[in-house]
Every structure is written in C-alpha cells, then in structure tokens.
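Everything on this sheet refers to the single structure shown next.
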Amino acid sequence: MEIILAENSGFCSGVRHAVNTAMNLNVENAYVLGEIIHNPNVVKAIREKGLVTVDSLNEVPDGATVVFRSHGVPEKYYGECERRGINVVDCTCSFVKRTQKIVKEQYALGKHIVIIGEHAHPEVTGLLGWCEDSATVVNDLTAIPDYITKKELCIVCQTTFSAEKFAKIIENIKKVCEKTVAVFTTICYTTIARQKEVENLSAQCEAVLVIGGLNSSNTNKLYELAKKHCKNVFRLSSAESLDITKIKNFKSLGIVSGASTPDEQTREVLLKMAVNTEVKANPMDEALAEIDNKSKFKKGDKVSAIISNANDEGLQVLLPNTKAEVALNKEELDCEVYNAADYSKQIGDSIDLIVIGLNPVKLSQKKIKEIQQEEALTGEIEDGKEFSVVCTGCNKGGLTAQLGTYSVFVPAKEIRPGFVKDLAKYEGKTLRLRALEIKKSGARKEIIASQRVILQEERDARDAVRAAKEDEFFANITVGDVVEGKVERATNFGAFVSVGGFDCLAHITDLSWTGVSAVTDVLEIGKVYEFIILKIDKENKKVSIGYKQLQPQPWDLVDGKYNVGDVIHGKVVRIVPFGAFVEVEKGIDGLVHVSQITHERIETPATVLNVGDEVDAKIIAVDTEARKMNLSIKALLPEGEKRKHGNEENGEEVAPKKGGRAPRRGITSDDELSTWNEGSIGGTSIADLLANAKKNK
C-alpha cells in the first residue's frame with residue numbers, strides 16, 4: 001500500500017497558537033470559554049492541566065482569567081470582562097478578527113450583514129455579536145430569504161467554509177438581489193489550500209482517511225469534499241476507530257487531518273496501520289518521519305522546560321514531551337549574576353527557553369528578551385494588523401522582504417488585484433501587508449503575506465460607500481429638481497458636474513440658448529452653479545442636467561429692449577426668396593421682407609444682399625409671444641432714393657462686395673407677395689409676413 005500524507009494536515013497557525021497558549025498558561029483561577037478546539041483529546045489535556053472549560057461567561061468569576069478560543073466571541077464580551085475585572089487571554093484567529101472588523105464597519109454603514117456559514121458554529125455565533133445579532137445566516141444554496149433581496153448587503157463567510165459552496169451561494173444571491181452586494185471573501189487562506197489539496201489527493205488515491213474530532217466543522221468539510229472525488233472515504237476520530245479490514249486491500253491511501261487535529265493523533269493512526277497491515281516500509285517510514293519532524297525541536301523554537309538541577313556551570317532542564325535532560329549554560333540565563341543556590345530553590349519550576357543550536361540541543365533564556373519586541377509585533381500581525389516592509393527582491397513566485405529575523409514572502413497573486421507582469425518594479429518600494437501565515441518554528445521563520453487583501457478591502461469599502469451614496473442620491477432626485485453642482489471637468493461634448501458627490505453630465509447643447517463651441521465659454525472649472533435635472537437613468541447610473549434651462553432666453557428679454565421704431569444694426573445670416581434674416585443679437589433674428597429692402601422692385605433679395613452684410617434696419621413689428629420681429633431697410637432710405645445693385649464706376653454698375661453694406665434698391669410690389677407658397681420661414685408664417693407687409697405699406 002502506498003501512503004500519501006497531505007502536506008496541509010494538522011493544526012493551522014490559529015489553532016496551534018490557541019492550544020499552545022492554553023497549555024502554557026500558568027495562572028490559577030483560569031477558564032476557557034467553550035472547547036479550545038473541536039478535539040476531545042486536546043480538550044481533555046487542557047482540563048487535566050487545570051483549566052476549566054465553561055459554556056458561558058456567566059460561569060467565569062469576577063477577577064478570574066478567561067481564554068477566548070480561536071473561533072472568536074461577540075464584541076460585548078470584551079466590555080463585560082472589563083467591567084467585571086476578568087483578565088482576557090484572546091486567542092481569536094487573525095482571520096476571524098478580520099471578519100469581525102468587516103462586519104462591524106459595514107453594519108455601521110447601514111448594510112445588512114449576510115454570513116455564509118453554519119448558524120450553530122461558534123465562529124458564526126461570535127460574528128453575530130458584532131452586528132447586534134441582526135445578520136442573516138445562509139448555509140444552503142437555495143435558502144435565500146426574500147427580505148434580503150431588497151437590501152444593500154455585505155456578505156462575509158465562516159473562515160472554514162467550503163470555498164466551492166461559498167462561490168455558488170454568492171452567485172445565487174447576486175441573481176435575486178436588487179441593490180448593491182458587497183462580497184468579502186473571508187475564508188482562511190490555509191483552509192482554501194487545505195481544501196484544494198484534499199480535492200487533488202482524493203482524486204488520485206483509491207481510499208482516503210480523514211482524521212479529526214467528529215464535531216469539527218473544518219474536518220467534516222474535508223470529509224465531504226473528499227467524497228466528491230473518491231468513493232472510499234473513511235472518517236476517523238482517533239486510531240481506535242480505525243477498522244484495518246476496510247483499508248488493507250487498497251493500493252493507495254491518502255491521509256488528511258483537520259485543522260483541529262494534533263499531529264500525535266495522526267501518528268497514532270499511522271502506527272496502528274504499520275502494525276496491522278502489510279504496508280511498504282518506505283512509504284510508512286516516510287509518513288511517520290514527516291509526523292515526527294513536526295514534533296522535533298528546531299532552531300528558533302520556544303520551549304517551556306522544567307528546572308531539574310542547578311550547579312556552578314548552569315542548570316539542567318527537562319524538555320517537554322521528552323525524558324531528556326539538557327544542560328543550560330549559565331551564560332545563556334537572563335540574570336546579572338548567576339547564583340546556583342538561588343536557582344536551586346526554583347527546581348521543579350518551568351522556564352521559558354529558545355532553541356539556539358541542534359545536535360546537541362542548545363538552549364538560551366537570554367535570547368528570548370532579544371526577540372520579545374519582535375514577537376509582540378508578529379503577535380499583532382498574526383491578529384491581522386497591517387504592517388509595512390521594503391521589498392528587497394523578487395523571484396519567479398513573488399516578492400521577498402525582511403522583518404526582523406523573519407523573512408517575508410508575498411506571492412505574485414497577492415501583490416494587488418489583477419495580474420502583475422513585472423515583479424522587479426516593486427524592488428525598493430514599501431509594501432503594505434497583512435499576514436496570511438506565520439511560520440515561527442525552526443531556524444527558518446517566515447511570514448507569508450498579502451498586499452492584495454488590503455487593497456481589495458479598501459476598494460470594496462470605497463465601492464460600498466459610493467454605491468450607498470449613489471442609491472441615496474437617486475432616491476432623492478426627480479426630473480425638474482434644481483440642484484447645485486461643482487464643475488469638475490470639461491470635454492468637447494459637455495461638462496461633468498459633481499452634484500452631491502455624483503457625476504452628472506451637462507451636455508454642451510444644454511449650456512446656452514445661443515449655442516457655444518466650448519464648455520468654458522459658459523462655465524468655469526471648479527465653480528458652483530445651479531442646474532436643473534433633465535433626465536434620470538437609474539439602471540445605468542446616469543443623470544443629465546441643464547444650465548441654459550435656468551437662464552432667460554434671448555426672446556424673454558426683448559420686451560422693452562426692442563420697440564417698434566427702433567433702429568438696429570445687424571448682420572445678414574441667411575437669405576430666402578422672400579426676404580433676408582438679420583441677426584439682431586445672438587438668438588434673435590428679424591425678417592427684412594423683400595419688399596422692405598429697397599424702394600425699387602427687385603426680383604430676389606440676393607440681387608441686393610449677401611450673407612454677412614451688415615445693415616441698419618428699422619423695427620416695424622415685434623411679437624414677443626410668437627418670437628417674431630419684422631425689420632425694414634428701406635424705411636431708413638429717403639423716399640426717392642434708389643439703391644443700386646452695386647457701386648457705379650465710370651457710368652457702369654459693379655456687383656456689391658461681400659461683407660459690405662447692401663446697396664439700396666427699389667420697392668417690391670404686392671404682386672410678388674401673392675406668389676409666395678404657404679408655410680413659414682424661420683418661425684414666421686407666410687400669412688403673417690403678408691399681413692405685416694400690407695399693414696406697413
């Protein structure tokens with residue numbers, strides 16, 4: 001039989017930290033709130049050490065010490081412990097703390113929190129306490145309550161949840177929700193890696209053993225995942241529950257243990273298999289060696305030893321989980337002057353040491369002080385605190401840096417959202433990081449970190465705030481509202497204006513009644529103006545606004561400004577068969593009928609006038625409601641004076657020059673008026689023109 005042991009087996013960093021903290025807690029009157037992990041063997045060992053496991057904070061006496069396990073607790077528990085003088089030893093997993101922070105911040109922004117996970121799981125129970133127990137817990141692909149579909153949602157996930165199932169639930173929620181859905185993928189980095197490895201292992205092995213406490217959520221998920229890819233999957237709580245007859249005939253066997261399963265438990269299963277099955281020596285030896293290597297001391301390991309003797313050279317100490325007595329040189333003790341007699345009084349007491357050498361094992365107490373500050377920092381980092389380092393280099397897989405005695409590695413996919421092609425450009429730059437995993441044991445101390453999660457969280461938070469502002473904006477505006485807006489930028493097609501923090505478009509055709517060639521002809525960048533809401537497109541998040549609609553039109557100012565009998569100076573802007581239109585001012589044109597151009601009879605206005613000619617004319621009719629103005633050029637000419645087609649030079653007529661004053665001509669008869677086709681020109685009806693012409697004749 002071939003034995004394949006999953007690389008990501010046994011305690012995760014969060015569980016290991018919680019168990020080690022509880023096992024090394026040397027205080028009286030200490031309690032653990034809930035089982036430290038879902039493993040009966042570990043829970044039993046902690047109880048034997050003297051720590052009392054309780055189910056409620058009410059069972060912890062005032063002034064006692066309480067350990068909060070890796071699953072986390074509701075926010076109010078911290079306040080209660082402070083009021084009652086209870087000392088808190090917080091072992092909440094850093095990934096759980098990150099989720100708690102997201103829930104608290106998003107709930108404060110008014111989002112409805114959705115937790116993807118198991119309602120009865122202690123981590124989910126704790127998360128509910130960070131949003132006043134108002135969250136909706138979803139664990140099923142189809143069980144999505146109707147009432148959340150109309151709310152703005154913030155979705156987080158139990159850190160040990162199935163990544164595959166989480167993705168499917170998110171997809172279903174997004175299909176039915178009407179408003180913004182902010183998704184935070186809070187599944188633990190090691191959980192995802194562990195689940196991926198189980199998928200691969202179960203696909204290549206004939207059988208799989210999944211080892212861990214029967215009440216362990218993460219172990220049960222590994223079991224369910226393995227069953228999808230292998231039909232021979234066996235769930236074990238310990239070596240005692242292993243039925244050798246069920247596995248002895250398989251050619252290959254994969255072994256997986258949950259994040260709350262001690263290495264010793266897996267080792268016991270392997271030893272039982274070695275005794276009772278015909279397993280090839282090398283695979284079994286390698287598997288046992290791999291487990292044993294996790295238990296051996298490595299350079300840099302911290303150990304809590306028992307003082308067994310004191311002499312002039314130093315101390316003798318007993319190492320944990322061994323019968324070995326190791327010498328501790330007095331030079332490595334943290335004391336100003338060594339006195340064997342003083343240490344003789346401490347025989348039987350524990351002493352914290354660090355492994356500084358191997359073969360033989362060398363220990364030091366003095367070195368601990370040197371790394372206390374560093375450990376305090378890494379403790380905060382492990383709890384999810386952001387830290388910064390300067391990138392010192394890169395390799396094919398990602399970026400490298402150094403933090404004290406810890407090497408830092410940032411995988412390429414964790415640098416930022418999206419693909420990073422050129423890793424070298426990050427050398428020498430400061431990286432903002434959050435730890436994904438911290439490896440403290442042995443000579444090699446390493447922090448696997450991510451900058452992407454920080455940048456993504458900030459982007460998600462910005463998107464969530466922006467979406468909330470947009471929803472509020474659209475809920476409070478209607479077409480016709482007059483709003484204030486600041487002109488942010490100009491384009492060739494209009495101006496983008498910030499109204500309540502939302503970008504609206506004022507099209508260039510809606511800036512002036514008379515038309516403009518550039519936005520800056522009307523609006524000044526950075527200045528605040530009043531606009532009117534013209535169109536709202538909620539689906540595409542677009543709003544059109546107008547400026548000219550709040551300004552008077554040129555014709556609105558005509559009354560009193562231009563009166564019958566006034567003389568104006570204007571430019572001919574267009575010529576039609578029955579007359580010429582003269583621009584009195586921008587937006588106001590007046591008609592000079594062909595009969596009002598000259599005292600002479602002319603066939604067409606073009607024989608006398610050209611577009612661009614500047615002329616003086618008398619106002620003979622104004623109708624502001626109809627927006628019409630009739631003008632007369634001949635009214636300014638002496639009755640008997642004829643206007644020539646051009647200038648006379650040497651007794652001959654010369655064609656008029658374009659752009660000059662139009663030459664004066666004779667009168668057009670009423671017969672020509674009667675030949676016009678019915679219709680209107682420039683907003684003035686033919687009938688009105690005829691009437692005005694006859695009236696003014």
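Quantities reported herein were computed from a predicted structural model and do not represent experimental measurements. Values below: all heavy atoms of this structure, side chains included; hydrogens, waters and symmetry mates excluded.
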Notebook entry, point to check: Under the side chain to side chain contact (heavy atoms under 4.5 Å, CB included) criterion, do R235 and T219 qualify, and how do the steps go?
Noted result: CA-CA 9 Å; R235 181 79 163 81; T219 307; 3.5 Å; yes
Checklist line | Sub-4.5 Å side-chain heavy-atom contact between V66 and V89 | finding: no
Next item on the list: Could you grab the distance from atom CG of L209 to atom OG of S241, nearest 0.5 Å is fine?
Entry: 9.5 Å
Note to self: Are V183 and V156 packed together at the side-chain level, in the sense that at least one heavy-atom pair is separated by less than 4.5 angstrom?
What the structure shows: no
Notebook entry, point to check: Under 4.0 Å between a Lys/Arg side-chain N and an Asp/Glu carboxylate O for K101 and E457?
Noted result: no
Next item on the list: Evaluate ring-ring contact (aromatic ring centres under 6.0 Å, His included) for F234 paired with Y223, printing each intermediate quantity in order.
Entry: CA-CA 8 Å; F234 304 94; Y223 173 69; 9.2 Å; no
Checklist line | Sequence neighbours excluded, every pair satisfying side-chain hydrogen bond (donor to acceptor under 3.5 Å, both in side chains) that has a member inside residues 331-344 | finding: E332-S364
Margin query: If I take atom CG from residue L315 and atom CG from residue L328, how far apart are they, to the nearest 0.5 angstrom?
Written below: 5.0 Å
Notebook entry, point to check: In chain order, what residues pass the ring pair (Phe, Tyr, Trp, His ring centres under 6.0 Å) check against F166, with sequence neighbours excluded?
Noted result: none
Next item on the list: For residues I36 and S70, report the shortest heavy-atom separation together with the two atoms involved.
Entry: O-OG, 4.3 Å
Checklist line | Sidechain-backbone polar pair: S350 side chain, S304 backbone, donor-acceptor under 3.5 Å | finding: no
Item checked: side chain to side chain contact (heavy atoms under 4.5 Å, CB included) between E446 and V408, worked out -> CA-CA 6 Å; E446 185 179 31; V408 179; over 6 Å; no
Next item on the list: Could you check if a side-chain atom of K366 sits within less than 4.5 angstrom of a side-chain atom of L333, using non-hydrogen atoms only?
Entry: no
Check: Excluding sequence neighbours, so at least two apart, what forms side-chain hydrogen bond (donor to acceptor under 3.5 Å, both in side chains) with E224?
Finding: none
Check: Would you call E80 and R84 a salt bridge, using N to O less than 4.0 angstrom?
Finding: yes
Next item on the list: Scan for ring-ring contact (aromatic ring centres under 6.0 Å, His included) pairs involving residues 386-415, sequence neighbours excluded, and state none if there are none.
Entry: none
Checklist line | Q195 side chain vs A163 backbone, donor-acceptor pair below 3.5 Å | finding: yes
Next item on the list: Taking only Lys NZ, Arg NE, NH1 and NH2, and the carboxylate oxygens of Asp or Glu, determine whether K104 and E75 approach each other closer than 4.0 Å.
Entry: yes
Notebook entry, point to check: Do the non-hydrogen side-chain atoms of V67 and Y31 ever get within less than 4.5 Å of each other?
Noted result: no
Next item on the list: Check whether any side-chain N or O of R432 sits under 3.5 Å from a backbone N or O of R452 as a donor-acceptor pair, and report yes or no.
Entry: no
Notebook entry, point to check: Parallel, tilted or perpendicular: which describes the rings of Y78 and F68, with under 30° parallel and over 60° perpendicular?
Noted result: perpendicular
Check: Between Q456, K413, E414, which is the residue that forms a side-chain hydrogen bond (donor to acceptor under 3.5 Å, both in side chains) with S450?
Finding: E414
Notebook entry, point to check: For T92, what residues pass the side-chain hydrogen bond (donor to acceptor under 3.5 Å, both in side chains) criterion, not counting sequence neighbours?
Noted result: D90
Check: Within the side chain of S237, is there an N or O that forms a donor-acceptor pair under 3.5 Å with the backbone of G212?
Finding: no
Item checked: Under 3.5 Å: donor-acceptor pair, side chain of W130, backbone of T99 -> no
Item checked: Side-chain heavy atoms of T159 within contact of I187, under 4.5 Å -> no
Note to self: According to side-chain hydrogen bond (donor to acceptor under 3.5 Å, both in side chains), who are the partners of T261, at least two apart in sequence or on a separate chain?
What the structure shows: none
Check: Got V256 and I211 here, is their nearest side-chain heavy-atom distance under 4.5 Å?
Finding: no
Next item on the list: Please confirm whether the backbone N or O of S257 pairs with a side-chain atom of R194, one donor and one acceptor, at under 3.5 Å?
Entry: yes
Item checked: Criterion side chain to side chain contact (heavy atoms under 4.5 Å, CB included) on T430 and V389, from CA distance to verdict -> CA-CA 6 Å; T430 299; V389 295; over 6 Å; no
Check: Do S388 and L433 have side chains that get closer than 4.5 Å, going by heavy atoms?
Finding: no
Next item on the list: Grab the two heavy atoms, one from L455 and one from P417, that are nearest each other, plus how far apart they are.
Entry: CB-CD, 4.0 Å
Next item on the list: Decide yes or no on side chain to side chain contact (heavy atoms under 4.5 Å, CB included) for R434 and Q451, but give the supporting numbers first.
Entry: CA-CA 6 Å; R434 183 177 293 135; Q451 180 172 249; over 6 Å; no
Note to self: Could you tell me if the side chain of H121 sits less than 4.5 Å from the side chain of Q158, heavy atoms only?
What the structure shows: yes
